[in-house]
Amino acid sequence: MCFDPEVTFESGQTFRWKRFVTKDEPSWIGVISNYVVRMRRGKAECVAKLKESNSNRSNFSDDIANYLSTNDDLDRIVQSFPRDEYLQNAVKSFDGLRVLTQDPWECLISFVCSINKNIPAIKMMLELLSMKFGSKIRSSNEVFYSFPKPSTLAKASKIDLLACKVGFRWRFIRFIANQVRSGKLDLKSVSQKSYGQARDELISELSGTTFGVGPKVADCVMLFSMHKMEAFPVDVWMLRCIQSIYSQKMGLQDILVDKKSLTRSTYDLVHKSAHEYFGRYCGYAQQYLYMKIRHDFIRNKALV
DNA sequence: TCCCAGGTCCTAC
DNA sequence: GTAGGACCTGGG
C-alpha cells in the first residue's frame, strides 16, 4: 500500500496527529476511533485503547484500513487525471498522499473550526476541545484524548467553549452538536446518500439542520470523511491555484479575475468546471493541488 | 497598528 | 443574486 504519513497528515485534511522522532525514524501518534495509534510508513500500531469502548463493535485493523482508505486504487485514480504538467508534478512530489476516511462528526466540527483560521490555530482549538470535553486515554507514559461526543458539546457552556479559543464558532459548534445529538442531523444516513444530496443536506440554507456550514466546509466533510470523490473544496489556496494555473483551461478567466472570495453561485461554477476538467476523482486532484500550491507559495515567499 | 487566516452569515442594494 | 462588512483571536 502506498501511504506516506508525513504527506497525508500534513495535507490539511486532519489536524490532530502529532509528529515524533524516535531512533531517527519519524512516527505519528493520533486517535482513530477508540484507539491511540502510532503510525509509521506502512505500519500502524495500537498504543492504547479507550476503556469505555465496546471491543465487539470495532476491530483495530479494519478501523485502520477504513481510515486510510486502503481500498482506493491510487494508480487508477492518478491515471484518470488530465495530462497537465502542474498536476502531474504535484502527483510526483506528493507520492503517498491518501484521502482519509475520517469520522464525519469529528471532521465536521474540525472544518467548522477552520473557518477564517490558519492551520496552527485550528490544531490548537481541536486540541483544547478534546482536552476539555473528550475522554482520557492513557498509554504507558502519556495521556491522549478522544474527540468530544456530540452530547458533550451540545451541553457545553459558552464560557467553556470560548476557553477553547473557538471564538464566534462556539454558536456553530453547539448548534450542530445539538442537531446531531437529537438525531435531526444523522451523519451516517447523510454519508449513504449521493454527493449532491449529502452536500445539500449539510448546507444550512437548504436543510436548516446545520448552521455555520457553507459549501466549502460541506465539501471538506464530503471528501475527508464520506469519501465522495466528486467533492472539490475550494478555499483561498485552491482559488489562487485555479486563478494562476487553470482559469484559462477551465474557461473561468473572466469570472475569477481579481476575486479574493467566492459567492455561492461562483463556488458552484468552479466546482462544476473542476469536476469536468479533473474528472470523477477530482477530490484527489484537489488534495495534490492543495499541497503543491501551498508548498510553492511558501517556497517563493522564502526566496523573496 | 494592521493584516491575514483551508468561510459563513447578514444586510443593503 | 451579489458585494461588502462583521465576526473571535493569535501571530507575523
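Every chain is numbered from 1 and lettered A, B, ... according to where its sequence line falls, protein lines coming before strand lines. The structure presented is a predicted model; accordingly, all values stated were derived computationally and were not measured.
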Task: Pairwise distance CD1(A/I173) to CG(A/L129) - rounded to 0.5 angstrom - done: 5.5 Å
Open item on the list: Expressed as a whole number of angstroms, how long is the span from A/F232:CZ to B/dG6:P?
Closed with: 17 Å
Open item on the list: Using Watson-Crick or G-U wobble geometry with both distances under 3.5 Å, which nucleotide pairs with C/dC8?
Closed with: none
Task: Protein-nucleotide distance (A/I255, atom CD1; C/dG1, atom P), rounded to Å - done: 16 Å
Task: Watson-Crick or G-U wobble mate for B/dT11, both contacts under 3.5 Å - done: C/dA3
Open item on the list: Tell me whether A/F111 and B/dG6 count as stacked here, given that the ring centres must be under 5.5 Å apart and the planes must differ by less than 30 degrees.
Closed with: no
Task: Donor-acceptor pair present, A/R169 side chain and C/dC7 base, under 3.5 Å - done: no
Task: Interatomic distance, A/K260 NZ vs B/dG7 C1' [rounded to whole Å] - done: 16 Å
Open item on the list: So does A/Q287 get a backbone contact from the side chain of A/Q13, meaning a donor-acceptor N/O pair under 3.5 Å?
Closed with: no
Task: Rounded distance in Å between the P positions of C/dT2 and B/dG6 - done: 27 Å
Open item on the list: Whether A/R41 engages the ring of A/F3 as a cation-pi pair (distance to the six-membered ring centre under 6.0 angstrom, angle to the ring normal within 45°) should be assessed.
Closed with: no
Task: Distance between C1' atoms of B/dC9 and C/dG10 (Å, rounded) - done: 23 Å
Task: Value in whole Å for how far the C1' atom of B/dG7 lies from CG of A/D268 - done: 15 Å
- [ ] Take atom CG of A/D258 and atom P of C/dT2, then tell me their distance rounded to the nearest Å.
- [x] 18 Å
Open item on the list: Between A/K249 and A/E276, does any side-chain N to carboxylate O distance fall below 4.0 Å?
Closed with: no
Task: Whole-angstrom distance between B/dT11 and C/dC8, as gauged at atom P - done: 15 Å
- [ ] Mind calculating the distance between CZ (A/R294) and C1' (B/dG6) to the nearest angstrom?
- [x] 8 Å
Open item on the list: Are more than 12 heavy atoms, taken from residues, nucleotides or ligands other than A/R40, located less than 6.0 Å from that residue's CZ atom?
Closed with: yes
Open item on the list: For A/Y281 together with A/F81, are the ring centres under 6.0 Å from each other?
Closed with: no
TODO: May I ask you to check whether A/Y35 and A/F144 place their ring centers less than 6.0 Å from one another?
DONE: no
TODO: Rounded off to whole Å, could you give me the CD1-to-C1' distance for the A/I109 and B/dG6 pair?
DONE: 16 Å
- [ ] Please confirm whether A/Y195 and A/H271 have ring centers closer than 6.0 angstrom.
- [x] yes
Set out, line by line, the N/O atom pairs under 3.5 Å between protein and nucleotides 10-12 of chain C.
unit_1 : atom_1 : unit_2 : atom_2 : d
C/dG10 : OP1    : A/K165 : NZ     : 3.2

TODO: List the protein contact pattern of nucleotides 8-13 of chain B with one symbol per nucleotide (5' to 3'): B for base contact, S for sugar-phosphate-only contact, - for none; contact means a heavy-atom distance under 4.0 Å.
DONE: SS----
Open item on the list: Please determine whether a side-chain nitrogen or oxygen atom of A/S265 lies at a distance below 4.0 Å from atom OP1 or OP2 of C/dT2.
Closed with: yes
Open item on the list: Output the rounded distance in Å from CD (A/Q102) to P (B/dG6).
Closed with: 17 Å
- [ ] Could you tell me whether A/R240 contacts a base, only the sugar-phosphate backbone, or nothing, with contacts defined as non-hydrogen atoms closer than 4.0 Å?
- [x] sugar-phosphate
- [ ] Nearest 0.5 Å please: distance from the NZ atom of A/K292 over to the OH atom of A/Y86.
- [x] 5.0 Å
- [ ] Decide if atom NZ of A/K184 counts as having more than 12 heavy atoms of other residues, nucleotides or ligands within a radius under 6.0 Å.
- [x] no
